[in-house]
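Quick notes on the structure that follows.
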Amino acid sequence: MRELNDQELRRREELEHLLQSGINPYPYSFDKTHDSTHILQNFKDDTADDFKNVAVAGRIMALRRMGKASFCHIQDASGRIQIYLRTGDIPNYDDFKLYDIGDIIGVKGYVFRTKVGEISVHGSELVMLCKSLTPIPIAKEGEDEAGNKIMYDAFADKELRYRQRYKDLVVNPQIRDVFVKRSKIITAMRRYFDERGWLEVETPVLQPLYGGALARPFTTHHNTLDTTLYLRIADELYLKRLIVGGFEGVYEISKNFRNEGMDKTHNPEFTMMEIYVAYKDVFWMMEMVENLLAHIAETALGSMDVEVAGQQISLKPPFRRLPLLESIKEYTGKDVSGLDTSALHTVAKELGVEIDPKASAGKVIDEIFSEKVEHHLVQPTYIIDYPLEMSPLAKKHRSKEGLTERFELFINGQEFANAYSELNDPIDQRQRLEEQSRFRAGGDDEAMTLDEDFLHALEIGMPPTAGLGIGIDRLVMLLTNQDSIRDVLFFPQMKRLE
RNA sequence: GACCCCGUAGCUCAGUGGUAGAGCAUUUGACUUUUAAUCAAAGGGCCGAUGGUUCGAAACCAUCCGGGGUCACCA
């Protein structure tokens, strides 16, 4: 164990003193009657009688001792409230010397207004509920001349905030709002699906073969079976097996794992929602997603308009639909339809898009789109009609040669969703996965593996199906106006400390 | 992976070659309506690590470790 500093040693001494006085510094429960915010909002001169006997509990966040009387602020899940303690009013006032900022206490008493009008609890009973042994990086709140709130000595070191999120949550309670919204967003999504009769399911995280996306996996080993297992990169192939089995609507909200770079929008484990609905196609899915996002925004935020990085974004349906090749024409002036691979490379060069000379036609189109188009797509836009070779699990377009029935949804210049009319022709699917195997053999370590069991399932027969994936973390970022994925994850991945 | 920036007290930060600093937090004393409480005093540091330059390094140089940011890679 590391060495204790003077403040930690002193707190342990206080703990000893409490024990010697017969006080349990870690008791079992406390009958709390009110949240701080409820009191602050509802205490009025004519309701004072309702607040003659309250019991509040929380962590001491500020402390002002004045000899025979003391004030402190405690923080509970709802907010903060001031406590007034006075010798004579509580039998154990002298013990209060042994209390510190950071301790969790319970106070019974009546609510009153101080001389300067702050609604406070006048304590008649004080209980230690948890002695805190290490000081928290306390921030003080104040006001500047203009009356704006300022924080003094805020706990601002991002590394420490991410590594010790518990401390961050105590000291910067406003960040809780992001996580509360995150929970509301996911709840709203679940309700929307459940109300339509689609079933929430769980499929394996540990998979003998990984598939359903193009990404490098995390690899692990199972001792008993003495076999390699992969952490899933997507749920897709298992959820489709359930549609084969006869379920007509299944969804899963779960962590996926991808062994790739980390940045503002990528964490190695992230939350994905995938849903598959039988007898539907990608056009139906576009309408569903519009309604879903509008519903979520209204339920979780109370508005379909969100502000992100200073821009107003409207999630009001319908969203614009723009074929991939047309989007390139619109934002670069180049018509790339019908061009062969070498002609595409020439266009990329003209546009100043650097690209691997061996890249396939689909890859070149994707690169041009990523560099020249994607960031323009601020308002929700469905990019549709993706080339076949970029979409090994999507059905061929019913009327457009060489394209698939697929969309990706872009908002604020980022990808939010990906959906297909799912490929259910087992022979076509086999050919496409065999092509992926050739890419893999050619050195593309993100190409898909061929999963015979999945193909076997398709041979049994999967009804026409629409499928969708939505990145939950990015959705939360959008709806809470956060520009880093780390700020919407409680515990983002960090390098291990030695 | 490349480049830029950062690492000093529990927290936020100053300190560009000559005895290690401030505010808050902490300790002691005073104070029965304070709210960045106030007043008086005190304690607290392997200056991220290792080498080097120098009479002398927190500072300059090199390497490493950790972090932040920008870009690249990556559907």
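Reminder, nothing fancy here: chain letters follow the sequence lines and each chain counts from 1.
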Open item on the list: If you compare every side-chain N and O of A:K363 against the phosphate oxygens of B:A75 (OP1, OP2), does one of them come in below 4.0 Å?
Closed with: yes
Open item on the list: Rounded to whole Å, how long is the line connecting atom CG of A:L63 with atom P of B:U38?
Closed with: 13 Å
TODO: Provide the distance between the two C1' atoms, one in B:C71 and one in B:U63, to the nearest whole Å.
DONE: 25 Å
Task: Side-chain H-bond candidate by donor/acceptor type, A:R321 with A:T381, under 3.5 Å - done: no
Task: B:C47 to B:A57 separation - P atoms, rounded to the nearest Å - done: 13 Å
TODO: Using the P atoms only, state how far B:C6 lies from B:G44, rounded to an integer number of Å.
DONE: 30 Å
Task: Spacing of the P atoms in B:G10 and B:A25 (rounded, Å) - done: 16 Å
Open item on the list: Pick the closest RNA chain B nucleotide for A:D100 and for A:Y162 by heavy atoms, then say which residue is nearer the 5' end.
Closed with: A:D100
TODO: Check every strand shown and say whether A:F369 touches a base, only sugar-phosphate, or nothing at a heavy-atom separation below 4.0 Å.
DONE: nothing
Task: Closest to the A:K68 side chain, choosing from B:A75, B:U32, B:U33 - done: B:U32
Open item on the list: From C-beta outward on A:I101, which listed nucleotide comes closest to its side chain: B:A75, B:U26, B:U32?
Closed with: B:U26
TODO: In whole angstrom, give me the gap between the P atoms of B:C61 and B:G21.
DONE: 25 Å
TODO: Using only heavy-atom distances, decide whether a donor-acceptor pair under 3.5 angstrom links the side-chain of A:E118 to the base of B:U33.
DONE: no
Task: Phosphate-side-chain proximity, A:R11 and B:G10, N/O vs OP1/OP2 below 4.0 Å - done: no
TODO: Please tell me which of the listed nucleotides, B:U34, B:G66, B:U27, lies nearest to the side chain of A:R64?
DONE: B:U34
Task: For B:U50, the Watson-Crick or wobble counterpart (both distances under 3.5 Å) - done: B:A62
- [ ] Figure out the NZ/C1' separation between A:K97 and B:U27, and round it to whole Å.
- [x] 14 Å
TODO: Give the rounded distance in Å between these two atoms: CD of A:E8 and P of B:G43.
DONE: 21 Å
Task: A:T114 side-chain proximity, nearest of B:U26, B:A75, B:U33 - done: B:U33
TODO: Please tell me which of the listed nucleotides, B:U34, B:U33, B:C11, lies nearest to the side chain of A:P137?
DONE: B:C11
Open item on the list: Taking atom types as they are modelled, would you say the side chain of A:Q7 forms a donor-acceptor pair with the base of B:A25 within the 3.5 Å cutoff?
Closed with: yes
- [ ] Compute whether any side-chain donor of one residue and acceptor of the other, for A:Y162 and A:D168, lie under 3.5 angstrom apart.
- [x] no
Task: Integer-rounded Å distance: B:A25 P and A:L133 CG - done: 20 Å
- [ ] For B:C46 and B:U8, measure between their P atoms and round to the nearest Å.
- [x] 12 Å
Task: For B:A2, the Watson-Crick or wobble counterpart (both distances under 3.5 Å) - done: B:U70
Open item on the list: Looking at the base of B:A75, is there any donor atom on it, or on the side chain of A:R474, that sits under 3.5 Å from an acceptor on the other one?
Closed with: no
TODO: Rounded off to whole Å, could you give me the CE-to-P distance for the A:M262 and B:U70 pair?
DONE: 14 Å
TODO: With A:R406 as the cation and A:Y386 as the aromatic partner, state whether NZ or CZ is under 6.0 Å from the six-membered ring centre and within 45° of the axis.
DONE: yes
Task: Phosphate contact (B:C11 OP1 or OP2) by A:K167 side-chain N/O below 4.0 Å - done: no
- [ ] For the side chain of A:F71, starting at C-beta, report the closest nucleotide among B:U34, B:C11, B:U70.
- [x] B:U34
Open item on the list: If we ignore hydrogens and angles and just use 3.5 Å, is the side chain of A:D263 paired with the main-chain N or O of A:T265 as donor and acceptor?
Closed with: yes
Task: Pairing partner (Watson-Crick or G-U wobble, both distances under 3.5 angstrom) of B:U26 - done: B:A42
- [ ] Give a yes/no answer on whether the side chain of A:R10 brings an N or O atom under 4.0 Å of OP1 or OP2 in B:U26.
- [x] no
Task: Side chain of A:M66 - closest among B:G69, B:C11, B:C31 - done: B:C31
- [ ] Identify whether NZ of Lys or CZ of Arg in A:R65 sits under 6.0 Å from the centre of the six-membered ring of A:F96 and within 45° of that ring's axis.
- [x] yes
Task: Residue of the set A:K396, A:K395, A:M285 for which side-chain contact (heavy atoms from CB on, under 4.5 Å) holds with A:S421 - done: A:K395
Open item on the list: Rounding to an integer number of Å, can you tell me how far A:H375 NE2 sits from B:A75 P?
Closed with: 20 Å
Open item on the list: I'd like to know whether A:S70 forms a side-chain hydrogen bond (donor to acceptor under 3.5 Å, both in side chains) with A:Y93, so could you lay out the CA-CA distance, the side-chain angles of the two residues, the decisive distance to 0.1 Å, and finally the verdict.
Closed with: CA-CA 9 Å; A:S70 295; A:Y93 182 79; 2.8 Å; yes
Open item on the list: What I want to check is whether an N or O donor and acceptor connect the side chain of A:T87 with the base of B:U32 at under 3.5 Å.
Closed with: no
TODO: Take the protein atom CZ of A:R86 and the nucleotide atom C1' of B:C31, then report the distance between them rounded to whole Å.
DONE: 15 Å
Open item on the list: What's the gap between B:G48 and B:C11 when it is taken at their P atoms, as a whole Å value?
Closed with: 13 Å
Open item on the list: Students often mix this up, so state it plainly: with edges at 30° and 60°, are the rings of A:H397 and A:F283 parallel, tilted or perpendicular?
Closed with: perpendicular
- [ ] Figure out the CD/P separation between A:E13 and B:G43, and round it to whole Å.
- [x] 18 Å
Open item on the list: Side chain of A:D263, heavy atoms from C-beta onward: which of B:C73, B:G69, B:A75 has the nearest atom to it?
Closed with: B:C73
Open item on the list: What's the gap between B:U19 and B:A59 when it is taken at their C1' atoms, as a whole Å value?
Closed with: 16 Å
